[in-house]
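Below: one structure, written as structure tokens.
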Amino acid sequence: MTKESRTPVTVLGLGLMGEALAGAFLRDGRPTTVWNRTAAKADRLAGQGAVRAGSALEAVGAAPLVVVCLTGYDAVREVLDPLGAALDGRVLVNLTSGTSAEARDTAARVARHGGAYLDGAIMTTPAAIGTPAAALLYSGPRSAFDLHEPALRSLGGATTYLGADHGLSALYDVGVLSLMWNILNGFLQGAALLGAAGVEAAAFAPVARNGVETVAGWLADYARQIDEGAHPATDSTLDTHVAAMDHLVHESESHGVDATLPRFIRELAGRAVAAGHGGEGYTALIEQFRKPSGRD
Ligand code: NAP
């Protein structure tokens with residue numbers, strides 16, 4: 001075991017995710033101190049070799065790297081605020097889900113007590129933590145990330161540092177969640193439509209998967225178009241998309257399937273066409289997302 005691999009770690013919060021995080025540190029051979037408000041949740045980890053702390057203060061004192069994973073930022077404030085000077089000189093990595101503003105506010109609170117702060121986002125379920133399939137995002141000072149990157153790599157195969165702005169992890173997190181919900185809602189819309197025609201979702205799933213993979217292949221090029229502000233219709237014009245969107249609205253209505261989402265998709269594209277972008281490619285729609293609804 002190398003000296004680095006023995007870097008002690010403290011985990012505050014042993015819910016479903018916190019227990020998985022602490023378990024991954026232990027499996028990677030890292031001395032791990034744990035604390036949870038409901039003490040019994042530390043029992044399993046203690047059986048695996050974790051040191052059980054009697055308080056959050058005692059736990060923080062045990063390691064230079066402190067990982068926090070609680071329900072939300074109200075709980076984070078409740079646990080961290082009384083710690084004060086105990087945070088001095090430590091790196092706090094907060095993997096609790098929240099907003100970019102909450103992340104920046106927590107960074108300022110930790111800095112007031114002399115600690116460094118990394119905000120993180122977990123893009124996976126507890127079962128995948130510590131496996132190559134796990135993906136975690138981090139933002140905050142590069143020096144703090146570099147110092148503890150080897151320990152953070154205990155948590156998952158894809159460990160990504162996003163930049164110095166503490167709010168970036170939360171923003172990437174909701175960006176991916178937006179993607180996930182839009183894909184899932186599209187799948188459910190299609191499954192409902194096909195279901196109305198007597199087709200089982202299981203028959204739709206492989207075709208839907210191919211569709212998701214095809215669209216995923218477009219992302220890099222589309223991102224470049226958005227960044228460059230040029231939206232050439234290299235594959236299909238917005239006008240062509242709108243005609244197909246009309247089919248989706250019509251099919252949904254005529255099969256008695258909820259048409260709210262198809263109508264919204266059609267309306268958004270219609271606004272871009274009305275603004276003169278019908279001959280451009282799909283990414284011309286970005287302006288409709290940038291412009292809050294109701295604003296002139
Ligand atoms: P969970 O199982 O409900 O655990 C919540 C934890 O927060 C428990 O340890 C709980 O302590 C603690 N807690 C809540 N309020 C507290 C307070 N006022 N003071 C002290 N401790 C408090 O939730 P989870 O699934 O582990 O999720 C934790 C975080 O990870 C959330 O922000 C979640 O969004 C994020 N996350 C979870 C997943 C997932 O798949 N589970 C995936 C990505 C991100 P007690 O045991 O004493 O109640």
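Just so it is clear, the values below take in all heavy atoms, side chains as well, and ignore hydrogens, waters and symmetry mates.
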Problem - Full working for side chain to side chain contact (heavy atoms under 4.5 Å, CB included) between Thr10 and Val34 - result: CA-CA 6 Å; Thr10 282; Val34 295; over 6 Å; no
Practice task
Quick one: closest heavy-atom pair of Thr33 and Ala53, and the distance?
Solution key: CG2-CB, 3.9 Å
Practice task
Check whether any side-chain heavy atom of Val9 sits under 4.5 Å from a side-chain heavy atom of Val67, and report yes or no.
Solution key: yes
Exercise for the section: State the CG-CG distance between Leu155 and Leu21, to the nearest 0.5 angstrom. Expected result: 5.5 Å
Handout entry: Salt-bridge contact Arg271-Glu287 (side-chain N to carboxylate O under 4.0 Å)
Key = no
Exercise for the section: Using atom types as modelled and distance alone, determine if a side-chain donor or acceptor of Thr131 lies under 3.5 Å from a backbone N or O of Ala133. Expected result: yes
Problem - Considering all heavy atoms, the nearest Leu152-Thr159 contact - result: O-OG1, 4.1 Å
Handout entry: Interatomic spacing from CG in Leu193 to OG in Ser254 - rounded to 0.5 Å
Key = 8.0 Å
Exercise for the section: For His255, look at atom NE2 and say whether over 12 heavy atoms of other residues, nucleotides or ligands are found less than 6.0 Å away. Expected result: yes
Practice task
Taking the side chain as every heavy atom from C-beta outward, state whether Leu80 and Thr106 have any atom pair closer than 4.5 Å.
Solution key: yes
Practice task
Show your reasoning for whether salt bridge (charged side-chain N to carboxylate O under 4.0 Å, His left out) applies to Asp28 and Arg153.
Solution key: CA-CA 10 Å; Asp28 211 20; Arg153 286 201 176 277; over 6 Å; no
Problem - Connected via hydrophobic side-chain network under 4.5 Å: Ile129 and Val11 - result: yes
Exercise for the section: Could you state whether Phe204 and Ile183 fall into the same hydrophobic cluster, counting links through intermediate Ile, Leu, Val, Met, Phe, Trp or Tyr residues with side-chain heavy atoms under 4.5 angstrom apart? Expected result: no
Handout entry: Modelled atom types, side-chain donor and acceptor of His277 and Glu280, under 3.5 Å
Key = yes
Exercise for the section: Give the intermediate values and the outcome of side chain to side chain contact (heavy atoms under 4.5 Å, CB included) for residues Trp218 and Tyr282. Expected result: CA-CA 11 Å; Trp218 298 343; Tyr282 200 81; over 6 Å; no
Exercise for the section: Apply salt bridge (charged side-chain N to carboxylate O under 4.0 Å, His left out) to Glu267 and Arg263, showing your working. Expected result: CA-CA 6 Å; Glu267 187 207 315; Arg263 280 193 213 107; over 6 Å; no
Practice task
Could you grab the distance from atom CG of Leu118 to atom NE2 of His148, nearest 0.5 Å is fine?
Solution key: 8.5 Å
Practice task
First locate atom CG of Leu70, then atom CD of Glu78, and finally report the distance between them rounded to the nearest 0.5 Å.
Solution key: 9.5 Å
Practice task
Spell out, as yes or no, whether a donor-acceptor pair under 3.5 Å connects the side chain of Ser139 to the backbone of Ser169.
Solution key: yes
Completion exercise
Tightest non-hydrogen contact, residues Val79 and Leu12, listed as CG1-CD1, 4.2 Å
Handout entry: Backbone N/O of Ala50 and side chain of Thr32: donor-acceptor pair under 3.5 Å
Key = no
Exercise for the section: Search all heavy atoms of Asp119 against all heavy atoms of Tyr73 and return the closest pair with its distance. Expected result: OD1-OH, 2.6 Å
Exercise for the section: Group every Ile, Leu, Val, Met, Phe, Trp and Tyr by side-chain heavy-atom contacts under 4.5 Å, then state whether Phe187 and Val215 land in the same group. Expected result: no
Handout entry: Side-chain heavy atoms of Glu102 within contact of Asp105, under 4.5 Å
Key = no
Exercise for the section: In plain terms, say whether Asp81 and Arg77 are close enough for a salt bridge, that is, a side-chain N and a carboxylate O under 4.0 Å apart. Expected result: no
Exercise for the section: Evaluate the side-chain proximity of Glu19 to Pro126: yes if any heavy-atom separation is below 4.5 Å, no if none is. Expected result: no
Problem - Side chain to side chain, Asn210 and Val212, heavy atoms closer than 4.5 Å - result: no
Fill in the blank from the handout: Between the NE2 atom in His231 and the OG1 atom in Thr283, the distance rounded to the nearest 0.5 Å is 5.0 Å
Exercise for the section: Could you state whether Ile286 and Leu179 fall into the same hydrophobic cluster, counting links through intermediate Ile, Leu, Val, Met, Phe, Trp or Tyr residues with side-chain heavy atoms under 4.5 angstrom apart? Expected result: no
Exercise for the section: Heavy atoms only: give me the nearest Pro150-Arg30 pair and the separation to one decimal. Expected result: O-NH2, 3.2 Å
Handout entry: Test: Arg209 and Glu213 ion pair at under 4.0 Å
Key = yes
Practice task
Check whether any side-chain N or O of Ser55 sits under 3.5 Å from a backbone N or O of Glu58 as a donor-acceptor pair, and report yes or no.
Solution key: yes
Fill in the blank from the handout: Rounded to the nearest 0.5 angstrom, the CG-OG1 distance for Leu136 and Thr160 is 8.5 Å
Practice task
Report, as yes or no, whether the 6.0 Å neighbourhood of atom OH on Tyr172 holds more than 12 heavy atoms from other residues, nucleotides or ligands.
Solution key: no
Problem - Taking every non-hydrogen atom, the tightest pair across Ala24 and Gly130 - result: CB-CA, 4.0 Å
Handout entry: Test log, rule side chain to side chain contact (heavy atoms under 4.5 Å, CB included), inputs Phe264 and Leu268
Key = CA-CA 6 Å; Phe264 173 68; Leu268 208 58; 4.1 Å; yes
Practice task
Please test Leu83 against His113 for side chain to side chain contact (heavy atoms under 4.5 Å, CB included), starting from the C-alpha separation and ending with a verdict.
Solution key: CA-CA 9 Å; Leu83 299 179; His113 297 299; over 6 Å; no
Handout entry: Arg52 with Asp43: basic N within carboxylate O range, under 4.0 Å
Key = yes
Handout entry: Test item: Met17 and Leu95 side chains (from C-beta on) under 4.5 Å apart, heavy atoms
Key = no
Practice task
Decide yes or no for Tyr138 and Leu162: does some side-chain heavy atom of the first lie under 4.5 Å from some side-chain heavy atom of the second?
Solution key: no
Handout entry: Mutual orientation of the aromatic rings belonging to His166 and Tyr117 [parallel < 30°, tilted 30-60°, perpendicular > 60°]
Key = tilted
Exercise for the section: Check whether any side-chain heavy atom of Leu137 lies under 4.5 Å from a side-chain heavy atom of Asp173, and answer yes or no. Expected result: no
Handout entry: No-hydrogen, no-angle side-chain donor-acceptor test under 3.5 Å, Asp258 and Thr260
Key = yes
Practice task
Indicate if Val93 and Leu14 have the same hydrophobic cluster label, given that clusters are the connected sets of ILVMFWY residues with side-chain heavy-atom separations under 4.5 angstrom.
Solution key: yes
Practice task
Count the heavy atoms of every other residue, nucleotide or ligand shown that sit under 6.0 Å from CZ of Arg224, and state whether that count exceeds 12.
Solution key: yes
